[in-house]
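Accompanying notes for the structure given below.
Chain letters run A, B, ... following the sequence lines, proteins first, then strands; residues in each count from 1.
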Amino acid sequence: MSLRRLPSEERLLAYAAGTLSPPEAVVVATHLALRPETRVWSDLGQAVGGGVLEDLEPSALDAGALDKTLALLDLPEPQEPTVRLDKTDPTLPAPLRGFELGPWRWLGPGVRVRDVLGPRDGDCRVILLKIAPGQSTPRHTHGGVELTCVIEGAYATESGVFEEGDFEEADPSVLHQPRVVSSKPCLCVAALDGQIQLPGRMGKLLAPFVKL
Amino acid sequence: MNAAQGDGGALITRIAETQDRAAFAELFQHYAPRVKTLLVRSGSTPSAAEELAQEVMLAVWRKAHYFDPKRASAAAWIFTIARNLRIDSLRRGSSALYAVDLNLGAEEPPQPDAILSGMQDAQIVRSAMQTLNPDQSQAIEMAFFQEQTHSQISEALGVPLGTVKARIRFGMMKLRAFIEREAGVAS
């Protein structure tokens, strides 16, 4: 079987249905922005959502629901809550531009990480990772699901090369050590569930200092 | 109601162009009760669903100028607004994200013509859904309700997770192939 670098059809349907967790949805949306050809599946999911909606039994509404709504039509639209623009990055793909970002943190030689603030689901959250050419992240296994989308550059794992727009779903049983193979730094967005577990002696040594 | 015959898009366009309140009322009568059902089946209480359904229709009025009948059917577009407002109401921090999907793909290069024109045709989409076998159609419909993860669907149906994923995957492929074929014939 060839290496898959797109989200699965079932994950894209869950994205369209709005049932993915927010961190997972952010990574899928980034992939969709960089790879418009995948949008056919999420658009299809939305089209099916329309079909599902159309076929539902109507529920009775409160008396006067329509009049109540009609009375609101001419009111000014409430302002959307705004983010602090100086904390966002307009050079990121569109789905990431609306989020404030935490400061870059050091995570080992040539590896930096920053939080994408907002999308969370329990322990699952979104980070940006920037890895210098030729560098690897420490070998690690995953506590939970890790979804990654490459924004710039490219990395290689045991299973293959991932380039701009590619989407990777990490298998929790696999030891993971992505290594940057592009000449420029590799920038990725990832949804992490739980803490990354660094195996071995090096992992034990680093664990108190490295908080992903 | 004409929205059921595929005229919902024309009503939204009338709202966008002339703030047509009669068009809005017609759209409301058809879709608000269905949006309420969708929200209840997604886990909202009936009173929260009632309030949210009215908010969804208000958003349809305010965002009508984003609607592009060449990209989405009225039902798919209203479904997407309902989905976004439901996510917002859960306050899980992703509202900034889904706004992108409302103007379905405006920034992107167009999809291949057949699939695109097929997907905005509510009739073709519903005919496609009728070609699914019962297992595929059940797995796909369940994915839309109650925050169902694929593992929860697997538990509810008593079939392995891999089977649920395969039913969804093959169902989606079948829908796509049918829509492309139908739209290709029609054009």
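One N or O on the side chain of A/Arg35 and one on the backbone of A/Glu164 form a donor-acceptor pair closer than 3.5 Å. Between the B/Glu180 side chain and the B/Ala177 main chain, no donor and acceptor come within less than 3.5 Å of each other. Between the A/Arg114 side chain and the A/Gly102 main chain, a donor and an acceptor come within less than 3.5 Å of each other.
Proximity to chain A involves both the backbone and the side chain of B/Gln54, based on heavy atoms less than 4.5 angstrom apart. For chain A, no part of B/Val164 is nearby; none of its heavy atoms comes within less than 4.5 Å. The parts of B/Ile140 that come within reach of chain A are both its backbone and its side chain, each placing non-hydrogen atoms under 4.5 angstrom from that chain. For chain A, the nearby parts of B/Met172 are the backbone and the side chain; heavy atoms of each come within less than 4.5 Å.
Contact check for A/Glu9 versus B/Ile168: no side-chain heavy atoms found under the 4.5 Å cut-off.
Side-chain polar atoms of A/Glu168 and A/His31 form no donor-acceptor pair below 3.5 angstrom.
Taking a cutoff of 4.0 Å between a charged side-chain nitrogen and a carboxylate oxygen, A/Arg5 and A/Glu163 do not qualify as a salt bridge.
When B/Glu141, B/Met57, B/Met173 are compared by the number of non-hydrogen pairs under 4.5 Å with chain A, B/Met173 comes out ahead. In terms of non-hydrogen atom pairs under 4.5 Å with chain A, the most contact-rich of B/Arg62, B/Arg21, B/Gln19 is B/Arg62. Counting heavy-atom pairs under 4.5 Å between each of A/Gly51, A/Ala47, A/Ala60, A/Gly49 and chain B puts A/Gly49 at the top. Contact count against chain A (heavy-atom pairs under 4.5 Å) is highest for B/Lys36 among B/Glu55, B/Gln120, B/Lys36.
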